[in-house]
Amino acid sequence: MKVVLENVTKIFPSRDKKAGGEVVAVNNFNFEIPDGKLIGLLGPSGCGKSTTLYMISGLQKLSSGHIYFGEEDVSDLSPENRGVGLVFQNYALYPHMTVKQNIMFPLENLKGSDKLSKEERIERAREAARLVQIDELLERKPSELSGGQQQRVAIARALVKMPKVLLLDEPLSNLDARLRLQTREEIRRIQRETKITTVFVTHDQEEAMSISDMIVVMKLGVIQQIGAPQDVYDNPTNLFVAKFLGTPPINVFNGEVKNGKLYIGKDAVMDVKLEDKKVFVGIRPEGFILNPNGVLTNDLLSVEVMGRDVSIVSSNPASANPTIRSIIDADSKIDRDAKTISFDIKPNKIFLFDAETEERIYF
Ligand code: ADP
Ligand code: MG
């Protein structure tokens, strides 16, 4: 089922009653989620991810705009009538019910032609449990399950009604690192198998990048960029997006274009066909090439071995951050006692941004 958001806006009265005023949690969103795809809503806390998800689910009303499932305008439909499955950060399972009863629960109140017999309900619960690989745990109580297993039950419960759209709000936040990795792969597999159009909300860029067909990067209720994860990483539209994606994060310098050259401090690092101006220069950690005669020279602080790669930590007076991180092949020869280190820069890993607007400058 294709999902379309058209000029979707949500305005809340401010929670700060004294200050008054209102919060534009979601500001004129327009995007289309293609049928059967998994899209990641990504951005820092408070940027409007949950609000967007709740409007897609029907739990929250739109202040203006429309949401379509396929060709149908569902903007005024209640959650029950939209055919969505919801999974939240905290699993919210019924503690006194078994896993099987928890999964079957959404099927209890089906009416009319949708009504299912007990046998059918059990069979559907078994199917959903099989899909998330907890079919051995059906008779247990939630308290007898690990966090990861509980979240699988919550996903099975969301899937049991065969939703047209699956909505996940930070579903992995309560899991430890290893389980988080495993469960996210699991969600990806389930989504591929069921082909249910899925919206996955997270503030974790790595999570969103790894799992999504398409990401929507948001900031303060405004969409910054939409695209395939790799495309957004390779081609950020502004400094915010460039900084939000990637670990270690992009290195940012205060730069200047003068007489057709880009300067970082005293170093002229590149020819650019631009008029003179101040810019931010972003260089991805993997964008550096060791070269004793390279265009950029930094003060060497330390070299961290990470197995496959080494991470060189250096500094430069023109850097916007105290340290600069460069990821280099572990086979590279590095003089750890040197005071300085010089690099060339890979042309596809360096980005320029307007010093005032922070919008990308193409050159
Ligand atoms: P996210 O999920 O990205 O962290 P939210 O969608 O929860 O962000 O919130 C977006 C903005 O809307 C925040 O500024 C938040 O404080 C505000 N907000 C969310 N829900 C309400 C509400 N019920 N009343 C007032 N403000 C709200
Ligand atoms: Mg949220």
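Order of appearance sets the numbers: ligands from 1, and atoms from 1 within every ligand. Since the structure is predicted, the reported quantities are computational estimates derived from the model, not experimental observations. Worth knowing before you read on, the calculation uses all heavy atoms, side chains too, and leaves out hydrogens, waters and symmetry mates. For this chain, numbers begin at 1 and follow the sequence in order.
For F343 and F288, the distance between ring centers is under 6.0 angstrom. For F105 and Y94, the gap between ring centers is short of 6.0 Å.
Of the options K10, R15, H203, the smallest heavy-atom separation from atom 20 (N) of ligand 1 is shown by R15.
When only modelled atom types and interatomic distance are considered, S14 and D16 share no side-chain donor-acceptor pair under 3.5 Å.
Geometric assessment of R284 against the ring of Y233 yields a positive cation-pi assignment under the 6.0 Å and 45° thresholds.
Looking at V23 against ligand 1, only its side chain comes within 4.0 Å, counting heavy atoms. Proximity of P13 to ligand 1, defined as any heavy-atom pair under 4.0 Å, is confined to the backbone N, CA, C and O atoms.
Using a 4.0 Å cutoff on heavy atoms, G43 does not count as a contact of ligand 1.
Protein heavy atom closest to atom 8 (O) of ligand 1, with residue, atom name and distance, is G48 N, 3.2 Å. When only non-hydrogen protein atoms are considered, atom 19 (C) of ligand 1 lies nearest to F12 CE1, 3.4 Å. Protein heavy atom nearest atom 7 (O) of ligand 1, with residue, atom name and distance: S50 CB, 3.8 Å. Among all protein heavy atoms, the one lying closest to atom 5 (P) of ligand 1 is T51 OG1, 3.6 Å. The shortest contact between atom 13 (C) of ligand 1 and any protein heavy atom is with G46 O, 3.6 Å.
The CD atom of E206 sits 7.5 Å away from the CG atom of L181 when rounded to the nearest 0.5 Å. To the nearest 0.5 Å, atom OG1 of residue T198 and atom CD1 of residue I39 are 10.0 Å apart.
Geometrically, ligand 1 and S14 share no nitrogen or oxygen pair separated by less than 3.5 Å.
Using the six-membered ring where Trp is involved, F240 and F244 have ring planes that are parallel, under 30° apart on the 30 and 60° scheme.
Other residues, nucleotides and ligands contribute more than 12 heavy atoms inside 6.0 Å of the CZ atom of R188. Heavy atoms from other residues, nucleotides or ligands lying under 6.0 Å from NZ of K349 number more than 12.
Listed by chain and number, the protein N, O or S atoms at a distance under 2.8 Å from the Mg ion (ligand 2) are S50 OG.
With respect to the salt-bridge test (charged N to carboxylate O, under 4.0 angstrom), the residues R189 and E193 qualify.
In the vicinity of A25, heavy-atom distances shorter than 4.0 Å reach the ligand 1 atoms 10 (C), 11 (C), 12 (O).
Taking 4.5 Å as the limit, some side-chain heavy atom of M270 sits within range of a side-chain heavy atom of F363.
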